[in-house]
Amino acid sequence: MRTALLSSALLSFATVASAFDLWVPQAPVPVESRTLDEIYAAAKQEHGTLQVAWGGDEPGFNADIFAAFRSRFPAVKLNATVDLSKYHDSRIDRSFVETGKENIDVVVLQTVQDFPRWNLEERLLPYKVSNWDSILPYLKDESAAFTPLWIYTFGNFYYSTSKVAASDVPTTYADFLDPKWKNKLVLTYPNDDDAVNYLFSTIIKNHGWQWLDGLVKQNVTWVRGTGTPHTLLERSSNNTQSNLAITFTTFAPVDASVAMATPNDEVVSWAQPGGIFKSTSMPETAKLFLNYMLSNDIQSTMIREGSVSALQNISGNGNPFASGKNPLRFTTFAEDRQLVDYLKLQFETTLGPPQGLSPLIDGI
Ligand SMILES: *[C@@H]1O[C@H](CO)[C@@H](O)[C@H](O)[C@H]1NC(C)=O
Ligand SMILES: *[C@@H]1O[C@H](CO)[C@@H](O)[C@H](O)[C@H]1NC(C)=O
Ligand SMILES: *[C@@H]1O[C@H](CO)[C@@H](O)[C@H](O)[C@H]1NC(C)=O
Ligand SMILES: CC(=O)N[C@H]1CO[C@H](CO)[C@@H](O)[C@@H]1O
């Protein structure tokens with residue numbers, strides 16, 4: 001008993017002391033003043049391959065972004081690995097605990113709760129990209145330990161144009177309980193992805209748990225990955241044997257066979273953070289990578305592909321608060337791990353555990 005009290009006293013002393021460290025005034029982080037070409041010149045002096053952990057759940061995800069970086073900066077080596085953010089952070093933390101070292105230079109992940117924690121653990125390099133002042137102020141972490149890159153959204157309705165008339169597309173999530181959607185829905189397991197978890201919990205907050213029970217009666221095709229529903233709708237489009245017609249757990253550029261509609265309901269959106277681990281042996285290359293992500297070229301590409309830019313005053317950008325979006329709420333949710341786990345188990349109770357290989361392996 002006494003030992004337990006003592007060690008908990010020591011622990012809280014340590015916690016207070018390390019929290020106290022944070023109160024020591026830090027020198028302000030200067031905004032990067034060099035151009036991309038000047039940073040590139042410095043990056044060329046570094047040796048090695050920049051290791052980037054990139055959150056995504058579909059083979060080839062954002063390959064165009066990596067190709068653009070390689071073609072603009074051919075003299076530096078980039079190894080960008082796409083995987084579920086929850087698997088990236090698990091590997092990163094295990095490597096850190098086991099070896100005391102990071103195995104990654106740059107992270108771009110959906111696990112928004114990791115960044116403040118890594119910052120408290122003093123593992124992130126405070127850094128302000130050159131257009132820091134143009135980033136939407138409410139998305140920014142003032143310590144500059146991480147940088148919002150762009151806003152992703154789940155919850156919009158994507159439907160096969162050959163199977164669903166635009167006039168038939170639901171307006172709220174409650175409409176999916178109509179018998180006419182039986183066998184036609186393809187959705188991502190909410191207990192496999194925190195953003196989909198938050199989307200489902202928001203829908204349940206607005207429409208009740210009976211909504212989920214009603215949804216299950218629709219014989220939904222449940223899949224892993226948020227790219228998979230879009231891929232299956234593409235395939236279903238020209239296949240008269242397939243009933244799959246609609247989803248709300250994907251995001252993708254629309255084309256001739258899959259169109260998008262925004263619901264009159266709350267969706268989930270969040271600013272994807274990028275950060276540099278302090279331990280990197282390639283800080284200039286890492287800075288080059290972050291600056292390039294915030295460049296007009298890449299931001300315009302992301303807007304074209306359906307995201308909202310983190311920059312204000314960039315042409316063609318969507319309103320981060322339009323159509324049921326609020327990019328600030330997801331972080332509060334994701335930081336409450338107890339709530340996230342409670343909901344995961346609720347979904348598992350009704351839907352069972354996520355089935356199938358990683359969406360990056362099964363090729364769908
Ligand atoms: C690229 O990253 C993966 C995953 O971290 C790693 O297994 C692989 O060895 C890396 N390749 C190179 C060339 O750095
Ligand atoms: C963005 O535009 C607004 C209004 O047009 C202007 O007040 C603001 O200074 C601009 N911000 C930046 C960072 O250019
Ligand atoms: C449920 O959907 C699957 C896939 O679309 C289909 O093969 C199956 O026949 C459906 N089951 C029922 C009971 O309608
Ligand atoms: C391969 C093929 O037939 N593709 C067609 C699928 O359907 C869309 C329209 O829904 C056509 O544009 C494609 O050419």
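Remember, it's 1-based here, ligands and their atoms both numbered in the order they're listed. Nothing fancy with the numbering, it's 1 onward along the sequence. Worth knowing before you read on, the calculation uses all heavy atoms, side chains too, and leaves out hydrogens, waters and symmetry mates. What you are looking at is a predicted structure, and each value in this text was computed from that prediction instead of being measured.
Protein residues with a heavy atom closer than 4.0 Å to ligand 1 are Gln51, Asn79, Thr81, listed by chain and number.
Sparse packing is recorded around CG of Asn264, with 12 or fewer heavy atoms of other residues, nucleotides or ligands lying under 6.0 Å away.
Annotation: side chain of Phe157 is not in contact with side chain of Val164 (no heavy-atom distance under 4.5 Å).
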Please lay out, stage by stage, how Lys180 and Asp175 fare under the test salt bridge (charged side-chain N to carboxylate O under 4.0 Å, His left out).
-> CA-CA 10 Å; Lys180 74 177 175 191; Asp175 296 342; over 6 Å; no
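The ring pair (Phe, Tyr, Trp, His ring centres under 6.0 Å) pairs that include a residue from residues 103-123 are Phe115-Trp118, Phe115-Phe146, Trp118-Phe277, where partners are two or more places apart or lie in different chains.
Considering both main-chain and side-chain atoms, Asn219 comes within under 3.5 Å of ligand 3 through a nitrogen or oxygen pair.
Among the candidates Thr285, Thr280, Asn79, the single residue satisfying the side-chain hydrogen bond (donor to acceptor under 3.5 Å, both in side chains) test with Asp105 is Thr280.
Without hydrogens or angle criteria, Asn191 side chain to Gly352 main chain gives a donor-acceptor distance under 3.5 Å.
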